[in-house]
Number of protein chains: 2
Amino acid sequence: METNLTEAPAVSASESEAETPWLTAAEQRFWRAHLEVSKLLDYQLGRELQPHNLAINDYEILVVLSEAPDRRMRMTDLATATLQSKSRLSHQITRMEAAGLVLRQECPGDRRGLYANLTELGWDTMQKVAPDHVRSVRQHFVDRFTPEQIDAMYQALAPVAEHLRNLRGRG
Amino acid sequence: METNLTEAPAVSASESEAETPWLTAAEQRFWRAHLEVSKLLDYQLGRELQPHNLAINDYEILVVLSEAPDRRMRMTDLATATLQSKSRLSHQITRMEAAGLVLRQECPGDRRGLYANLTELGWDTMQKVAPDHVRSVRQHFVDRFTPEQIDAMYQALAPVAEHLRNLRGRG
DNA sequence: CCCGGATTGTTAAAAGTTGTACAATGTAGC
DNA sequence: GCTACATTGTACAACTTTTAACAATCCGGG
């Protein structure tokens, strides 16, 4: 059901046979479970944001801005924080500005720059939506693990996140 | 850096304060680590498929088809297996057909239906790309866990995958 | 056989994303 | 203060995904 061929193909070229470090059965099922959960969870959370007229990306912007000092952030920083390209973020903010959720604001001291500012409506929207979203996250993910599993998985994932973040930085 | 507000907002309405099951600190950091790893890993694996002129979605199709009986699958089944909409899959297959990787084939016994067939080129491409992909998956993910962690995480994730799969089915 | 409803896959148009180039600044070294 | 170079955000064009509608086909009940 999931993807990413990582076990030996049904028929392997004898050449790659010798050298490719195919995943073991245990690794394989873990990898596929991870992929499947990621994808389906994304789908389900998006689904449950729809009634609020927000896509997951919109919500992410609202969260990051709401946690930022003065509820605003430079476009580039926001793009970095949300792992989007500057171009994509620019479009995204244009849409959210049209929806009244954020506002572009000149940046004193750097006339090249702009702030993306959370509006009152943006802030209120976030306050209204967040409780539902947490419930979704709990229902479909967090509450399905024991506290021990949660700690263990965090310990395991944190260095991987670190690694990937570093890779990304360099390009 | 990541997203999805799931902890209490800086200022909570007293109403939601009482009723919203905000994540604990431990839950929060786990949740954000999971999100971050998912997103960045996707990005990185996509990046490392680029030299082969394949997007992750293309690769996923190749994998699923290569594992299917006769290396072909009904469009609807393929859409389900890869968690895509029928429309999106249709476009995707059109592109891959243009690239010579797959071929649409009439479906004997159901004249509405079509098979998506892996071509020789598609199969060969898969054989060629898979080794590199496994190495990527190992380098950025699998090899960064101990065998014990892998088993534990699989045990934890499998029921969640099951849950989400069921949800998806009903819509 | 024939009807009504469900299923299959495609399509057109709208919406969103990506990559590249660009204009407007900023900044460091001379 | 100039020049060279880096940074900021946008704009355009190409591409991908979504949404909604549709034609063709199948299937079950009368």
Side-chain angles (χ1 to χ4, degrees), chain A residues 39 42-47 49-51 53-61 65 72-99 101-117 168-171, chain B residues 39-40 42-51 53-61 65 72-99 101-117 168-171:
Chain A
K39 216 166 179 177
D42 223 52
Y43 173 78
Q44 187 65 29
L45 294 180
R47 218 181 142 64
L49 276 175
Q50 273 191 351
N53 279 306
L54 289 179
I56 280 201
N57 283 333
D58 301 325
Y59 186 70
E60 180 171 16
I61 301 287
L65 285 183
R72 67 182 188 182
M73 209 178 284
R74 287 289 295 267
M75 293 292 280
T76 294
D77 297 336
L78 190 51
T80 301
T82 57
L83 306 172
Q84 303 188 1
S85 69
K86 284 186 304 174
S87 176
R88 176 174 169 182
L89 180 68
S90 184
H91 288 298
Q92 170 108 32
I93 293 297
T94 300
R95 272 174 258 136
M96 293 181 73
E97 201 169 14
L101 298 169
V102 299
L103 202 55
R104 271 183 251 242
Q105 195 179 47
E106 283 182 11
C107 182
D110 187 345
R111 277 189 293 180
R112 295 168 304 178
L114 290 177
Y115 281 112
N117 252 94
R168 164 110 174 154
R170 294 159 201 151
Chain B
K39 218 166 176 176
L40 288 173
D42 223 53
Y43 173 79
Q44 188 64 30
L45 293 180
R47 217 180 142 65
E48 296 182 10
L49 277 175
Q50 272 192 352
N53 280 306
L54 289 179
I56 280 202
N57 283 332
D58 300 325
Y59 186 70
E60 181 172 14
I61 301 286
L65 285 183
R72 67 182 189 180
M73 209 177 286
R74 286 289 295 267
M75 293 294 281
T76 294
D77 298 336
L78 189 51
T80 301
T82 57
L83 306 172
Q84 306 188 8
S85 69
K86 285 183 304 174
S87 174
R88 177 174 171 182
L89 180 68
S90 184
H91 287 299
Q92 170 110 31
I93 293 298
T94 299
R95 272 173 259 138
M96 293 181 74
E97 200 169 14
L101 298 170
V102 300
L103 202 56
R104 271 185 252 242
Q105 196 179 46
E106 283 182 11
C107 182
D110 186 346
R111 277 189 294 178
R112 296 168 305 177
L114 290 176
Y115 281 110
N117 252 92
R168 165 111 174 151
R170 293 159 200 152

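As a basis for the values below, the full set of heavy atoms in this structure was taken, side chains included, without hydrogen atoms, waters or symmetry mates.
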Exercise for the section: Please check the phosphate of dT17(D) (OP1 and OP2 only) for any side-chain N or O of Ser85(B) closer than 4.0 Å. Expected result: no

Exercise for the section: May I ask you to evaluate whether Arg74(A) reaches the phosphate of dG9(D), defined as a side-chain N or O under 4.0 Å from OP1 or OP2? Expected result: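 For dG9(D), OP1 or OP2 has a side-chain N or O of Arg74(A) closer than 4.0 Å.
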
Practice task
Give me the one residue out of Val102(B), Asn117(B), Thr82(B) that meets side chain to side chain contact (heavy atoms under 4.5 Å, CB included) with Leu65(B).
Solution key: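 Only one option passes, and that is Val102(B).
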
Exercise for the section: Anything under 4.0 Å to a heavy atom of chain B counts; send over the first and last such nucleotide of DNA chain C, read 5' to 3'. Expected result: dT7(C) to dA12(C)

Practice task
Taking the side chain as every heavy atom from C-beta outward, state whether Glu97(A) and Leu103(A) have any pair of such atoms under 4.5 Å apart.
Solution key: yes

Donor-acceptor contacts under 3.5 Å from residues 89-96 of chain A side chains, at least two apart:
residue, atom, partner, partner atom, Å
Gln92(A), NE2, Asp58(A), OD1, 2.7
Thr94(A), OG1, Ser90(A), O, 2.8
Thr94(A), OG1, Arg104(A), NH2, 2.5

Using atom [atom1] of [X] as one end and atom [atom2] of [N] as the other, report the distance to the nearest whole Å.
X         : N       : atom1 : atom2 : value
Lys39(A)  : dT17(D) : NZ    : C1'   : 13 Å
Gln105(A) : dT8(D)  : CD    : P     : 18 Å
Tyr43(A)  : dT18(D) : OH    : P     : 10 Å

Handout entry: Nearest listed nucleotide, side chain of Arg88(B), among dT19(D), dT17(D), dG9(D)
Key = dT17(D)

Practice task
Check Cys107(A) against Arg74(A) and note the closest heavy-atom contact, atom names and distance.
Solution key: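 Looking at all heavy atoms of both residues, the shortest contact is SG-NH1, 3.2 Å.
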
Handout entry: Minimum heavy-atom distance Tyr115(A)-Glu106(A), with the two atoms named
Key = CD1-O, 3.9 Å

Handout entry: Reading 5' to 3' through nucleotides 20-26 of chain D, protein heavy-atom contacts under 4.0 Å coded B for base, S for sugar-phosphate only, - for none
Key = B---BBS

